[in-house]
Amino acid sequence: MPAATKPTPKSVLISESCLQKRIRELGTQIAADYENQELVLLGVLRGSVLFFADLSRAIFDAQLETPGREVQIRFEFVQLTSYHNSTQPATVELIRGGSNYLKQRHILIIEDIVDTGQTLDFLYEHLSPLNPKTVKVCTLLDKPSQRRVPVTIDYIGFEVPDAFVVGYGLDYAQQYRNLPYIALLESV
Ligand code: IMP
């Protein structure tokens, strides 16, 4: 009997240095856009964790480079899950997070990847009763070819092709999250 094929990350799609360079650019842009304001970075667990950490430090570094520019950053997290099957759109559910602290704040949702758009759509609905001052979205990766729900994305790190990617927080069956780069997942 042939051994079961286990998908493995093969080719590097976005290198560590490219990721870090682009994240510094995003940090500079966000620091300028939210100058002298309080901003809640709302991380979507678990995939955004590495991006969240590096982006929040990039915003801080950008402030150091421009004295007088200050963004007061707060951290909040939500954890969502989605169930897919072949015939129905995904059902997204909130597992935890989304506290009252978000009321009347400027919120920047930090995502690892926007694929169908259903997670973001759900999150917008969830945040709406909290009456935030503003809600914007920053995603490391955008896979527009898979979009089912139209969503507005304010900051995009990279657009990726219609392929399953892993690394830098993104997983396949909870594996490969700690790769420092983005790789294409291929079967062996
Ligand atoms: P959406 O609701 O379809 O936009 O899906 C967003 C979520 O699906 C992301 O936060 C990821 O957790 C997951 N996802 C979508 N595409 C990929 C991929 O290529 N690799 C790993 N996770 C993915």
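This structure is a prediction, so every number in the text was calculated from the model and none was measured. Every heavy atom of this structure was used, including side-chain atoms; hydrogens, water molecules and symmetry mates were not. Just follow the structure's listing: the first ligand is 1, and inside any ligand the first atom is 1.
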| Donor-acceptor under 3.5 Å (Arg177 side chain, Gly169 main chain) | yes
| said: Measuring from atom 16 (N) of ligand 1, which candidate in Leu185, Asp115, Val44 has the nearest non-hydrogen atom? | reply: Asp115
| message | Donor-acceptor check, side chain of Thr66 to backbone of Gln63, threshold 3.5 angstrom: yes or no? | response | no
| remark: Restricting to heavy atoms, the pick from Val166, Thr116, Leu123, Ile182 nearest atom 3 (O) of ligand 1 would be Thr116
| task | May I ask whether Leu120 places a heavy atom under 4.0 Å from ligand 1? | result | no
| query | For Gly47, is the nearest heavy atom under 4.0 Å from an atom of ligand 1? | reply | no
| query | Hey, is ligand 1 close enough to Val165 that some N/O pair sits below 3.5 Å? | reply | yes
| ligand 1 versus Glu111: contacting region, heavy-atom distance under 4.0 Å | side chain
| query | Does Leu123 reach the side chain of Ile109, with side-chain heavy atoms less than 4.5 Å apart? | reply | yes
| Which atoms of ligand 1 are found less than 4.0 Å from any heavy atom of Phe164? | 17 (C), 18 (C), 19 (O), 20 (N), 21 (C), 22 (N)
| said: Taking a cutoff of less than 4.0 Å between a non-hydrogen atom of the residue and any ligand atom, is Ala163 in contact with ligand 1? | reply: yes
| task | Specify whether Tyr155 and Tyr34 have parallel, tilted or perpendicular ring planes, treating 30° as the upper limit for parallel and 60° as the lower limit for perpendicular. | result | tilted
| said: Looking only at side-chain N and O atoms, does Tyr168 offer a donor or acceptor that is under 3.5 Å from a partner on Asp112? | reply: no
| query | For ligand 1, which atoms sit closer than 4.0 Å to a heavy atom of Lys143? | reply | 16 (N), 17 (C), 18 (C), 19 (O)
| said: I'd like to know if Ile113 contacts ligand 1, where contact means a heavy-atom distance under 4.0 Å to any ligand atom. | reply: yes
| request: Measure up the Phe77 and Phe75 rings against each other and bin them: parallel (under 30°), tilted (30 to 60°), perpendicular (over 60°). | output: perpendicular
| Say you draw a straight line from CG of Leu140 to CD1 of Ile14; how long is it, rounded to the nearest 0.5 Å? | 6.5 Å
| said: Using modelled atom types and a 3.5 Å cut-off, is there a donor and acceptor pairing between side-chain atoms of Ser128 and backbone atoms of Tyr124? | reply: no
| query | What about Asp171: any of its N or O atoms under 3.5 Å from an N or O on ligand 1? | reply | no
| message | Applying salt bridge (charged side-chain N to carboxylate O under 4.0 Å, His left out) to Arg147 and Asp142, what does each step give before you reach the verdict? | response | CA-CA 10 Å; Arg147 201 75 89 244; Asp142 182 23; 2.6 Å; yes
| task | Name the option, out of Leu170, Leu45, Thr119, that contains the heavy atom nearest to atom 7 (C) of ligand 1. | result | Thr119
| request: Within a distance under 4.0 Å of any heavy atom of Gly117, pick out the atoms of ligand 1 and give their elements. | output: 1 (P), 3 (O), 4 (O)
